[in-house]
Amino acid sequence: MRRLICIFVFTFSYGCMMGQSLADSLATEVSSFKDACSIKDKCDILIDSDNTAHSGNILQRQWKSMADFKGLKLIPATWINGTVYVKFTLQNSSALNDTVYLYPGNSFRSIKLSKISPAGNFVTLKDESEEDGFQPIFLSPLEKTTYLAELHFSKRKFNSLALQIIQKSYLTKYQKILYTSSYNEMVIGYLLSGLLLMMIFFNGANFSVNGKKEFLYNCFYAICMFILIYFNTYTERRSGVFSSFFMGYLGFAVLVIGTVFYIAFTRKFLNTSVNYPLLNKIFYYEERVLLVLLAIYSYTYFFSGNFRLTSLLENGTKMICLGIGILYVIIGIKQKNRLINYLAIGNAILIFFSIISFLLIIFPVRPAISIFTSALLYYELGIVCELIFFLLGLTYKNRIELIEKIKEQEALKLEAEKQIFESKLAILNAQQDERNRISTDMHDDLGAGVTAIRLFSELAKSRLGKNTIPEIEKISFSANELLNNMNTIIWTMNSSNDSFGNMVAYIRSYALEYFENTGINCSVNIDTNLPEFVVNGEIRRNVFLVVKEALNNILKHAKATEVWLTLKRETDGISFYIQDNGVGIDFENLRRFGNGLKNMKQRMTKSGINFSIENKNGTLVTLYAKLTA
């Protein structure tokens, strides 16, 4: 058996205390080792792939020199499945106690260090490497000891063996240099983690507000991607049990769980159970398959030493995740649906960056001339871009749903208004029916009675001949007047007369009949381009009473021989003129308590019609109504 012993001499002196001669003799030796030294080429290694080595036979096993593995870049799977032993010798040529640190690399689940005594016995040192991967070694003055390091590699593909000895005074600086050697990648990694954290808060806030499960699933997916990117950035150059566990198992488990949440988000986001039943079934089984694969992977990781099977399961699961992404892209191309397009674009970007990352892993750029040669960077960018497009899709869907909700609310509001309108219309119709019934009853009953009174009074007058009784004359006049007023009331109450044309015709007929056999010539002029619109009974009655009052004043007071009624269409309304050629009206000598003109003006104001009376070659009464579009 060939044994190579690596002897490191650590000399420490305190100037005059140790003597100038001792300092001079060790000056060259200390400067040659500096602060950190590699022992890869100066130690022995034993690969125990079947885990059969133990303290009783390990020194008799066939050891090899690490120099034989000088060109080895990646650790073989057999090393990961088994246990790797490294044997080396350290010598402290100083007369002072000192402590150095063994750093085998950041790819180990555990580091167990033992001293080998000259008699071949093993003294196991306390394991202090769990937190940061650096195992302290205490060296007594002038001590020369052989050590045996039992190493268990992390269960991942890309492992390396550093085997460094670091002086205690240099440890902090060495760790700082090691952890920040990819400073730009770290900055971007933490920056992307911050963006993911903002997305988590955004999704969480939206879920708390509207309770939509797609925001909850996307929030969990963002949490998984945050854990993946943040701890990938944190553990990339770090050592210790947690770093090994994350890089070997937890990172992959988080990726699979995140993918399951991603599928759940997609199913809810696209409502595949309703819109795409076949796709929903595919997604359903993919979720179950991924969870089963994760369970099998977990079992093989924790309870099986078969790293090849673990690696095969990991690669197969990642291929399924990749297939899911490609499926989304294909669906997005075929379906002309904006929501699916957002998912397709996000997945296409992730796949694109993943391919670049994979190529950089397979064909690394050495030396790494810039941050853009980092495989991890592209994968992290792909995840963040994917989530950004997911958020865009969620925002778009939210906006569409908000618009639909507003439309639905407006439709409900219109329906409510329609019901209110129909209720009011039903009330108006009922009122109008009652008006029609009353007018009919008045016409049939009261009208017939008043007409009979009038006829009987006229018959009595004819029988009396020249001996007319004044009371009978008054009865005849009152009955005639009452009949005219009742006809007016019936006319205003009947809904079949609620039109402008009917009102004009009624006023024209009344005016011509009113001045018949009075010696006053009445002319009615009406424009031919008058519009037709509804005029309710109250307005018709008010207009008619004003016209009636005006005609009555002309007959009693104006001493006129001519009366002109003119109805004209104006630019934005209709004007109605009542003009006579009489003596006019004396505004200075109007009766103090006369209510005629006052009532006329009040009726028109109540009806929304402008009223005016003036002297203009007689008396001119003007009614003006503005028409709205």
Side-chain angles (χ1 to χ4, degrees), residues 31 33-40 73-75 99-111 128-137 151 153-154 156-198 225-252 254-255 353 356-358 360-361 363-385:
S31 63
F33 297 118
K34 298 183 180 179
D35 299 310
C37 301
S38 172
I39 60 172
K40 285 180 66 176
K73 294 182 178 180
L74 296 178
I75 300 301
T99 302
V100 295
Y101 289 84
L102 170 66
Y103 175 66
N106 65 339
S107 306
F108 297 93
R109 288 174 285 150
S110 65
I111 303 170
E128 300 182 35
S129 65
E130 292 183 354
E131 183 177 349
D132 58 5
F134 291 84
Q135 174 63 40
I137 301 175
L151 307 175
F153 282 93
S154 300
R156 60 175 185 168
K157 293 180 182 179
F158 305 105
N159 285 323
S160 60
L161 192 59
L163 293 177
Q164 296 275 337
I165 295 295
I166 299 98
Q167 291 185 12
K168 183 178 181 180
S169 60
Y170 186 65
L171 178 64
T172 303
K173 186 175 181 180
Y174 181 87
Q175 289 175 332
K176 186 180 295 185
I177 294 172
L178 178 66
Y179 298 156
T180 60
S181 59
S182 302
Y183 180 76
N184 292 331
E185 294 179 29
M186 289 177 59
V187 171
I188 293 180
Y190 289 132
L191 178 62
L192 296 178
S193 299
L195 289 175
L196 287 173
L197 203 58
M198 292 175 61
M225 295 305 102
F226 167 78
I227 293 173
L228 191 63
I229 291 179
Y230 178 83
F231 286 106
N232 261 329
T233 303
Y234 178 80
T235 61
E236 184 183 10
R237 298 284 179 177
R238 294 181 182 270
S239 309
V241 174
F242 174 76
S243 296
S244 173
F245 178 68
F246 181 83
M247 300 300 289
Y249 172 79
L250 187 58
F252 173 73
V254 168
L255 175 64
F353 281 120
I356 295 177
S357 177
F358 177 74
L360 286 173
I361 292 173
F363 307 105
V365 178
R366 294 287 185 268
I369 57 177
S370 73
I371 190 174
F372 297 105
T373 60
S374 169
L376 183 61
L377 170 67
Y378 288 100
Y379 181 68
E380 292 173 347
L381 282 175
I383 291 175
V384 172
C385 290

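This is a predicted model, so every value here is computed, not measured.
Aromatic ring centroids of Y190 and Y230 lie under 6.0 Å apart.
Here the side chains of Y101 and Y174 are not in contact, with every heavy-atom distance at 4.5 Å or above. Between F353 and Y379 the shortest side-chain heavy-atom distance does not fall below 4.5 Å. In this structure the side chain of L151 reaches within 4.5 angstrom of the side chain of I111, judged on heavy atoms. No side-chain heavy atom of L250 sits less than 4.5 Å from a side-chain heavy atom of F231. Between D132 and Y179 there is a side-chain heavy-atom pair separated by less than 4.5 Å. Side-chain contact between I137 and T99 is absent, with no heavy atoms from C-beta onward closer than 4.5 Å. Side-chain contact between F226 and I383 is absent, with no heavy-atom pair separated by less than 4.5 Å.
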Next on the checklist: Run S154 and S244 through side chain to side chain donor-acceptor pair (under 3.5 Å) and show every step you take.
Outcome noted: CA-CA 6 Å; S154 300; S244 173; 2.5 Å; yes

Next on the checklist: Working note: I229 + V384, criterion side chain to side chain contact (heavy atoms under 4.5 Å, CB included); need CA distance, chi angles, decisive distance, verdict.
Outcome noted: CA-CA 10 Å; I229 291 179; V384 172; 4.2 Å; yes

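Residue Y234 places its OH atom among 12 or fewer non-hydrogen atoms of other residues, nucleotides or ligands, all under 6.0 Å distant. In this structure, E128 places its CD atom where more than 12 heavy-atom neighbours from other residues, nucleotides or ligands lie under 6.0 Å away.
Applying the side chain to side chain contact (heavy atoms under 4.5 Å, CB included) rule to N232 yields the partners L228, F246, M247, L376, E380; only residues at least two apart in sequence or on another chain are considered.
Scanning both residues, G133 and S239, for their nearest heavy atoms gives CA-CB, 3.5 Å.
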